[in-house]
Amino acid sequence: MKKQVVSREEWLEARTALLEHEKALTRHRDEVAAERLALPWVRVEKAYAFDGPDGKVTLSELFRGRSQLYIKHFMMAPGAQHQCVGCSLEVDHMTDLLPHLENHDVSYAVVARAPIEEIEIVRQRMGWRFLWVSSFGGDFNYDFNVSFRPQDVSAGLASYNFRPAPEWTATVQDLSGRSTFYKNEAGEIFHTYSSYGRGGEEILGIYGILDVMPKGRNETGPNHALTDWARPRNMYGKGGSVESNGRYHAPPSK
């Protein structure tokens, strides 16, 4: 990697010019955040239930006494023999943040469509301490546009990232995302926000570090994305492969 080398004075001039763009980005981010807060809400009418490690749990119970709920839609279908590297990287950020979120009236939960027995194998293997539940057999993943029935995709009835779901989602069947909810004192639940695709980058604090490093994100592989380098944290240096959609496949056992 070769870069132009200049005097401290020349560097300061260039850095000061960049600062103006950074400040403009900060102001724009504040404007977008205000627009996000101003979004209208949708009342959740359906009674969603999930399988948790200790039995059945409702959407209302996921709030655990708080008024706000953040759900991470983890890309893991029934029978999956892989982990999504992006989802894994994202939730790795969370465990030590949970006390701060919970003290600030926010509960956090992860939802995947895989059965709870399969989820628990992954959660325990990775040492994750957040609540992870299964929507297996229910409509939750489909209603929040992170799982896709092939017949819905072919009929144009499936959506991802607020657009018609691409044909390839019929094969993948599960993708990632995030959704937030509010519960009032009467127990009514409202869906307040969702984002998909690169919207998840807002949660990847690691990018805040990589973006200021000399090599930046250094995503120089075929996908020019985190799938070029990210792996489940227990698999670095052990080989395996990652599909462009984020599915990690471990190397064959010897």
Side-chain angles (χ1 to χ4, degrees), residues 25-76 84 86-113 116 119-120 122-123 126-135 138-141 143-146 161-162 176-209:
L25 178 61
T26 299
R27 289 190 292 269
H28 184 64
R29 185 183 293 114
D30 289 343
E31 292 171 2
V32 172
E35 291 180 20
R36 187 183 296 121
L37 284 174
L39 277 174
W41 297 351
V42 178
R43 183 180 285 106
V44 177
E45 305 286 0
K46 192 175 292 187
Y48 294 106
F50 308 90
D51 294 314
D54 299 317
K56 289 286 185 182
V57 58
T58 65
L59 178 63
S60 180
E61 289 170 332
L62 292 183
F63 283 81
R64 285 165 284 164
R66 302 178 183 91
S67 70
Q68 300 173 100
L69 172 64
Y70 181 106
I71 284 183
K72 164 62 183 173
H73 301 289
F74 199 104
M75 181 177 135
M76 185 175 172
C84 169
C87 295
S88 298
L89 180 63
E90 180 178 328
V91 300
D92 271 341
H93 287 69
M94 296 311 302
T95 297
D96 290 337
L97 281 179
L98 294 181
H100 302 286
L101 290 172
E102 292 168 354
N103 184 67
H104 210 49
D105 195 30
V106 177
S107 287
Y108 177 86
V110 177
V111 178
R113 197 165 58 90
I116 190 63
I119 286 173
E120 279 294 284
V122 175
R123 188 184 66 80
M126 300 302 296
W128 288 328
R129 300 193 301 274
F130 46 74
L131 177 61
W132 191 354
V133 299
S134 167
S135 63
D139 295 331
F140 184 81
N141 271 42
D143 290 350
F144 286 90
N145 302 309
V146 289
N161 207 14
F162 309 104
S176 63
R178 54 184 175 141
S179 294
T180 62
F181 302 86
Y182 176 80
K183 184 167 70 169
N184 64 18
E185 293 182 356
E188 297 174 304
I189 297 174
F190 302 87
H191 174 215
T192 64
Y193 181 75
S194 286
S195 69
Y196 310 93
R198 291 190 64 180
E201 287 186 21
E202 293 284 330
I203 311 303
L204 295 179
I206 190 173
Y207 275 153
I209 297 174

Worksheet item: Do Val122 and Trp128 have side chains that get closer than 4.5 Å, going by heavy atoms?
Response: yes
Worksheet item: Can you name the ring-ring contact (aromatic ring centres under 6.0 Å, His included) partners of Tyr207, sequence neighbours left out?
Response: none
Item to complete: Could you tell me the separation between the CD1 atom of Ile203 and the CG atom of Leu89, rounded to the nearest 0.5 Å?
Response: 12.0 Å
Practice prompt. Decide yes or no for Tyr48 and Ser60: does some side-chain heavy atom of the first lie under 4.5 Å from some side-chain heavy atom of the second?
Written response: no
Worksheet entry | Euclidean distance, Tyr193 OH relative to Tyr70 OH, rounded to 0.5 Å | 9.0 Å
If you look only at distance, which donor and acceptor atoms sit under 3.5 Å apart when one is on a side chain in residues 27-42 and the other is two or more places apart or in another chain?
none

Discussion item. Could you measure the distance from the CG atom of Asp139 to the CZ atom of Phe144? Nearest 0.5 Å is fine.
Written reply: 11.0 Å
Worksheet item: Under a 4.5 Å cut-off applied to non-hydrogen side-chain atoms, are Arg64 and Leu131 in contact?
Response: yes
Please list every donor-acceptor pair under 3.5 Å in which a side-chain atom of residues 100-107 meets a protein atom from a residue at least two apart or in another chain.
from	atom 1	to	atom 2	distance (Å)
Asp105	OD1	Ser67	N	3.0
Asp105	OD2	Ser67	OG	2.3
Ser107	OG	Phe63	O	2.7
Ser107	OG	Arg66	NH1	2.9

Worksheet, complete the sentence: Heavy-atom nearest pair, Tyr196 first then Gly177, reads CD2-CA, 3.9 Å
Worksheet item: Could you state the interatomic distance from CG (Asp92) to CG (Leu204), rounded to the nearest 0.5 Å?
Response: 10.5 Å
Discussion item. Checking Lys56 against Asp51 for the side chain to side chain contact (heavy atoms under 4.5 Å, CB included) test, could you report, in this order, the C-alpha distance in whole Å, the side-chain angles of both residues, the deciding distance, and whether it holds?
Written reply: CA-CA 5 Å; Lys56 289 286 185 182; Asp51 294 314; 2.9 Å; yes
Practice prompt. Taking the side chain as every heavy atom from C-beta outward, state whether Gln68 and Thr180 have any pair of such atoms under 4.5 Å apart.
Written response: no
Discussion item. Any non-hydrogen side-chain atom of Lys72 less than 4.5 Å from a side-chain atom of Val111?
Written reply: no
Worksheet item: Which one of Ser194, Ser176, Ser135, Ser179 satisfies the side-chain hydrogen bond (donor to acceptor under 3.5 Å, both in side chains) criterion with His73?
Response: Ser179
Worksheet item: Where do Val146 and Met75 land on the side chain to side chain contact (heavy atoms under 4.5 Å, CB included) test, with the steps shown first?
Response: CA-CA 8 Å; Val146 289; Met75 181 177 135; over 6 Å; no
Item to complete: May I have the step-by-step check of side chain to side chain contact (heavy atoms under 4.5 Å, CB included) for Arg123 and Phe74, ending in yes or no?
Response: CA-CA 12 Å; Arg123 188 184 66 80; Phe74 199 104; over 6 Å; no
Worksheet item: Got a second to check how far Ile189's CD1 is from Thr58's OG1, nearest 0.5 Å?
Response: 7.0 Å
Worksheet, complete the sentence: What one should report as the nearest heavy-atom pair of Val133 and Ile119 is O-CD1, 3.6 Å
Worksheet, complete the sentence: One should read off an interatomic distance between Phe181 CZ and Leu59 CG, to the nearest 0.5 angstrom, of 5.5 Å
